**Q** 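Sharing a structure with you now.
The model shown is predicted, which means the values in this text are computed figures rather than measured ones.
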Amino acid sequence: MVTAVTAVAAAVPSDPWQGHDVGVLLGVVFCGTAALAGLAAYLGSRLAPRARRRYTPARAWRDASLAAAGAGLAVYLWGCLHVLFLEDRAQAEACETHRPPGVPALVGRRGDFLPLRLVCEASDGRDYTVVIPAYVNPTVTVLLLLALLGAVTAAALLHRRRRTSVRRLPTEERPTR
């Protein structure tokens, strides 16, 4: 069994000029778009008058966290679209066009999803990123950190609220564990 796997692996040459896998990229874009639409619908429903009346600080932080996560997802999808609409030839031309001075011949290209980038590799071991705007990865990082901060704050507020509400109940009405 092991020899069959190694034989298949040896028979499939690794392509040094591979970018992002188009099937995976399409899957990321479609699933991300569906998730973004779901987040937008949920956050839009939170703006209804009945939902606004029941707002607590914990719910406000939760919704702010979801909005930051949605914004991060939107920026990530924007970066994915930059790669999706470029063919292999256009990606190779971008590598040649944006090659820094002093970088020798290019020997390969690879695509990474985390962080989102298209890396052009030179023969001297150096590499550089092209196609994806430079603001995409830092913006996604900051927005996801803000989403995490909002989620932790919402959880802490909810936990504190539940703890104080249990303390206020008379002894005979307290839930038993």
**Q** Any Lys/Arg nitrogen of Glu121 or Arg110 sitting under 4.0 Å from an Asp/Glu carboxylate oxygen of the other?
**A** yes

**Q** Could you grab the distance from atom CG of Leu73 to atom CG of Leu36, nearest 0.5 Å is fine?
**A**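 If I round to the nearest 0.5 Å, the distance is 5.0 Å.
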
**Q** If only atom types and distance count, is the side chain of Arg99 paired as donor or acceptor with the main-chain N or O of Pro104 below 3.5 Å?
**A** yes

**Q** Supply the atom-to-atom distance Thr129 OG1 to Arg117 CZ, rounded to the nearest 0.5 angstrom.
**A** 5.5 Å

**Q** Do Val24 and Val140 belong together in a cluster built from hydrophobic side chains that touch within less than 4.5 Å?
**A**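 In one cluster: yes.
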
**Q** Return yes if some donor-acceptor pair links the side-chain N/O of Ser65 with the main-chain N/O of Ala147 below 3.5 Å, else return no.
**A** yes

**Q** Which residues satisfy the ring pair (Phe, Tyr, Trp, His ring centres under 6.0 Å) test with His82, sequence neighbours excluded?
**A** Trp78

**Q** Trp61: which other cluster members, linking ILVMFWY side chains closer than 4.5 Å, directly or transitively?
**A** Leu157

**Q** State yes or no: do Val119 and Val107 share one hydrophobic cluster built from I, L, V, M, F, W and Y residues joined by side-chain heavy-atom distances below 4.5 Å, directly or via other members?
**A**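 No, because Val119 and Val107 fall into different hydrophobic clusters, even though each may have its own neighbours under 4.5 Å.
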
**Q** Of all the heavy-atom pairs spanning Leu25 and Val83, show the shortest one and how long it is.
**A** CD2-CG1, 3.8 Å

**Q** Please find the pair of heavy atoms, one from Arg46 and one from Tyr55, that lie closest to each other, and give the distance.
**A** NH2-CE1, 3.5 Å

**Q** Is there a donor-acceptor contact under 3.5 Å from the side chain of Asp124 to the main chain of Arg126?
**A** yes

**Q** Which pair of heavy atoms, one from Val29 and one from Cys80, lies closest together, and at what distance?
**A** CG2-CB, 3.9 Å

**Q** Identify the two heavy atoms, one from Ala94 and one from Val130, that lie closest to each other, and give their separation to 0.1 Å.
**A** O-CG1, 3.8 Å

**Q** At what distance, to the nearest 0.5 angstrom, does CG of Asp63 lie from CG of Leu39?
**A**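 Nearest 0.5 Å value for the CG-CG distance: 10.0 Å.
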
**Q** Calculate, to the nearest 0.5 Å, the distance between atoms CG and OG1 belonging to Leu145 and Thr141 respectively.
**A**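 Nearest 0.5 Å value for the CG-OG1 distance: 6.5 Å.
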
**Q** Would Leu43 end up clustered with Leu143 when hydrophobic side chains under 4.5 Å apart are linked, directly or stepwise?
**A**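 No; Leu143 is not reachable from Leu43 via cluster members.
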
**Q** Linking I/L/V/M/F/W/Y whenever their side-chain heavy atoms sit closer than 4.5 Å, directly or via other members, would Phe113 and Phe30 fall into one cluster?
**A**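 Both belong to a single hydrophobic cluster.
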
**Q** With sequence neighbours excluded, tell me which residues meet side-chain contact (heavy atoms from CB on, under 4.5 Å) with Pro138.
**A**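 Pro138 satisfies side-chain contact (heavy atoms from CB on, under 4.5 Å) with no other residue.
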
**Q** What I want to check is whether the side chains of Asn137 and Tyr76 have a donor and an acceptor closer together than 3.5 Å.
**A**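 Their side chains do not contain a donor-acceptor pair, so the 3.5 Å distance test is not met.
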
**Q** CG/Leu106 to OG/Ser123 distance, rounded to the nearest 0.5 angstrom?
**A** 8.0 Å

**Q** If you look at every heavy atom in Cys95 and Tyr128, which pair is closest and at what distance?
**A** O-OH, 2.5 Å

**Q** Does Val131 belong to the same Ile/Leu/Val/Met/Phe/Trp/Tyr cluster as Val136, with side-chain heavy atoms less than 4.5 Å apart forming each link?
**A**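 Same cluster: Val131 reaches Val136 through Ile, Leu, Val, Met, Phe, Trp or Tyr contacts under 4.5 Å.
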
**Q** Are more than 12 heavy atoms, taken from residues, nucleotides or ligands other than Arg54, located less than 6.0 Å from that residue's CZ atom?
**A**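 Buried by this count: over 12 neighbours within 6.0 Å.
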
**Q** For Leu116 and Gly79, which heavy atoms make the closest approach, and how far apart are they?
**A** CD2-C, 3.4 Å

**Q** Measure the spacing between CG of Asp112 and CG of Leu118 and express it to the nearest 0.5 Å.
**A**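 Between atom CG of Asp112 and atom CG of Leu118 there are 9.0 Å.
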
